[in-house]
Amino acid sequence: MVLLAACTGSAAPGTTVPPSTVGPTMTVTQPPAVPPCLDGERAFTDDGLVGVVGEATGDAVILTAVSWTSFPDCESIVVDFATDQAAPAVALGPTQIRLLPGPNIVRIELPDSVVDTALADVLFEGTIVSRAYVVSGAGGLFLDIHLAAPASARAFALSSPGRLIIDVRQRPAEDPGAPTLGRDVVVLDPWEPETGYPITIAGYLRKDAVARLENGDDVIEQVTVEAPGYPWTEFSLRFAEGPLGVVRVKLETADEILEVPLVAR
């Protein structure tokens with residue numbers, strides 16, 4: 001903290017200037033030399049397993065909040081939890097964090113004890129972090145943090161209250177692509193237009209959808225995908241064969257049609 005003072009008049013050597021003769025005082029707070037999301041010795045990971053954090057046994061049952069803070073050169077995500085009595089959790093159980101560099105996603109596989117969520121998705125629109133989705137998958141709930149650019153990540157857990165911290169920093173790399181986003185459907189795979197048979201379409205949705213593989217005006221194959229309910233539901237489907245060249249997959253819900261253009265090789 002630096003105090004800047006402007007004095008009116010002058011004083012003889014050795015004379016103490018009374019407070020009444022000191023002009024307005026301004027407090028200047030300097031930003032930290034190193035932002036919290038870069039501070040410390042925890043290493044960042046560019047690909048694959050970021051870490052397994054948390055205690056062997058935790059009391060976190062409900063995901064209650066996902067917050068975001070931006071700093072120079074990095075951004076931080078904080079995930080909060082509550083017990084089954086709606087009190088702040090003391091500790092988070094075993095939690096695995098992975099970086100999926102293809103679709104630019106940090107995936108947080110929540111412990112088995114976390115079975116409920118107070119939110120389905122959050123929009124951030126940061127330089128690095130863009131949004132988050134809470135998804136019900138075959139192995140339980142997971143939280144996907146979507147990144148706006150290739151990034152490195154690190155993670156750690158805190159206790160009392162039990163919370164998860166994810167730090168991300170942008171890294172120089174070619175952006176391989178991005179998920180196809182709709183209001184009701186998010187397609188993670190494929191994230192690049194060129195693909196081959198069998199074509200796998202994977203992601204999550206929050207409403208029942210009909211998926212169609214189309215070539216021009218022709219519908220080659222049609223599959224129904226169900227979304228049991230809140231929050232988002234993971235899905236994966238395959239089109240075993242079809243025409244080569246330019247095709248598209250359309251996923252139609254009651255409220256929207258999401259189109260994924262592809263080139264089948």
Side-chain angles (χ1 to χ4, degrees), residues 1-2 26-51 53-54 60 62-82 88-89 92 95-110 114 117-135 141-183 186 188 191 204 231-232:
M1 182 181 294
V2 180
M26 179 176 64
T27 300
V28 178
T29 301
Q30 298 292 342
V34 179
C37 47
L38 294 180
D39 198 12
E41 299 181 355
R42 295 184 180 91
F44 282 82
T45 299
D46 293 343
D47 186 5
L49 182 65
V50 175
V53 303
I62 307 167
L63 190 159
T64 56
V66 180
S67 56
W68 162 80
T69 306
S70 178
F71 299 93
D73 303 320
C74 61
E75 295 176 12
S76 186
I77 293 287
V78 178
V79 187
D80 287 301
F81 301 89
L92 181 64
T95 303
Q96 180 173 281
I97 301 96
R98 293 184 295 123
L99 183 59
L100 314 179
N104 282 337
I105 286 174
V106 177
R107 175 159 295 179
I108 302 161
E109 298 176 1
L110 297 169
V114 178
T117 176
L119 59 127
D121 47 73
V122 187
L123 179 65
F124 300 114
E125 293 188 324
T127 302
I128 306 174
V129 177
S130 61
R131 60 190 70 218
Y133 295 89
V134 183
V135 185
L141 289 180
F142 63 86
L143 173 66
D144 269 4
I145 307 295
H146 287 229
L147 306 176
S152 303
R154 67 179 185 179
F156 58 97
L158 301 176
S159 298
S160 298
R163 57 178 34 158
L164 178 65
I165 313 295
I166 308 291
D167 295 328
V168 293
R169 66 180 182 188
Q170 197 164 344
R171 62 184 176 88
E174 182 180 351
D175 194 341
T180 304
L181 306 179
R183 294 188 307 273
V186 173
L188 305 184
W191 61 85
Y204 23 89
W232 292 76

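- Across Phe81 and Ala60, no two heavy atoms sit closer than the pair CB-CB, 3.6 Å.
- Cys74 contributes atom SG, which lies 11.5 Å from atom CD of Gln170 (distance to the nearest 0.5 angstrom).
- In this structure the side chain of Leu92 never reaches within 4.5 angstrom of the side chain of Val79, judged on heavy atoms.
- For the pair Phe71/Leu38, no side-chain contact is recorded, criterion being any heavy-atom separation below 4.5 Å from C-beta on.
- Not a single side-chain hydrogen bond (donor to acceptor under 3.5 Å, both in side chains) links Arg131 to another residue, sequence neighbours left out.
- Environment of CG in Asp39: crowded, with over 12 heavy atoms of neighbouring residues, nucleotides or ligands closer than 6.0 Å.
- Under the 4.5 Å side-chain criterion, counting only non-hydrogen atoms from C-beta, Ile108 is in contact with Leu110.
- Once rounded to the nearest 0.5 Å, the distance linking CZ of Arg107 with CD1 of Ile97 reads 13.0 Å.
- Val186 and Pro179 get closest at one heavy-atom pair: CG1-CB, 4.4 Å.
- A side-chain donor-acceptor contact under 3.5 Å links Arg154 to the backbone of Cys37.
- Between Leu141 and Val135, every side-chain heavy-atom pair lies at or beyond the 4.5 Å cut-off.
- Within a 6.0 Å sphere centred on CZ of Arg42, other residues, nucleotides and ligands contribute 12 heavy atoms or fewer.
- Closest of all the heavy-atom pairs between Leu123 and Ser130 is CD1-O, 3.7 Å.
- The CG atom of Asp73 lies 8.0 Å from the CD1 atom of Ile128; values are rounded to the nearest 0.5 Å.
- Within the 4.5 Å cutoff, the side chain of Ile77 has heavy atoms near those of the Val66 side chain.
- A donor-acceptor pair under 3.5 Å is absent between the side-chain atoms of Ser76 and the main chain of Thr69, judged by distance alone.
- For the pair Ala157 and Gly54, the tightest heavy-atom approach, listed with the atom from each and the gap, is CB-N, 3.9 Å.
- Counting heavy atoms from C-beta outward, Val50 and Ile166 have side chains that stay 4.5 Å or more apart.
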ask   = Taking it one step at a time, do Val129 and Leu147 satisfy side chain to side chain contact (heavy atoms under 4.5 Å, CB included)?
value = CA-CA 5 Å; Val129 177; Leu147 306 176; 4.2 Å; yes
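- With Glu75 contributing its side chain and Thr127 its backbone, the two residues share a donor-acceptor pair below 3.5 Å.
- Put simply, the side chain of Gln96 reaches to within 4.5 Å of the side chain of Leu49, judged on heavy atoms.
- With sequence neighbours left out, the ring pair (Phe, Tyr, Trp, His ring centres under 6.0 Å) criterion links Tyr204 to Tyr133.
- Here the CG-CG distance, from Leu158 to Asp80, works out to 9.5 Å after rounding to the nearest 0.5 Å.
- Across all their heavy atoms, Asp46 and Leu99 have their closest contact at O-CD2, 3.0 Å.
- Taking 4.5 Å as the limit, some side-chain heavy atom of Leu188 sits within range of a side-chain heavy atom of His146.
- Ala132 and Phe124 get closest at one heavy-atom pair: CB-CE1, 3.8 Å.
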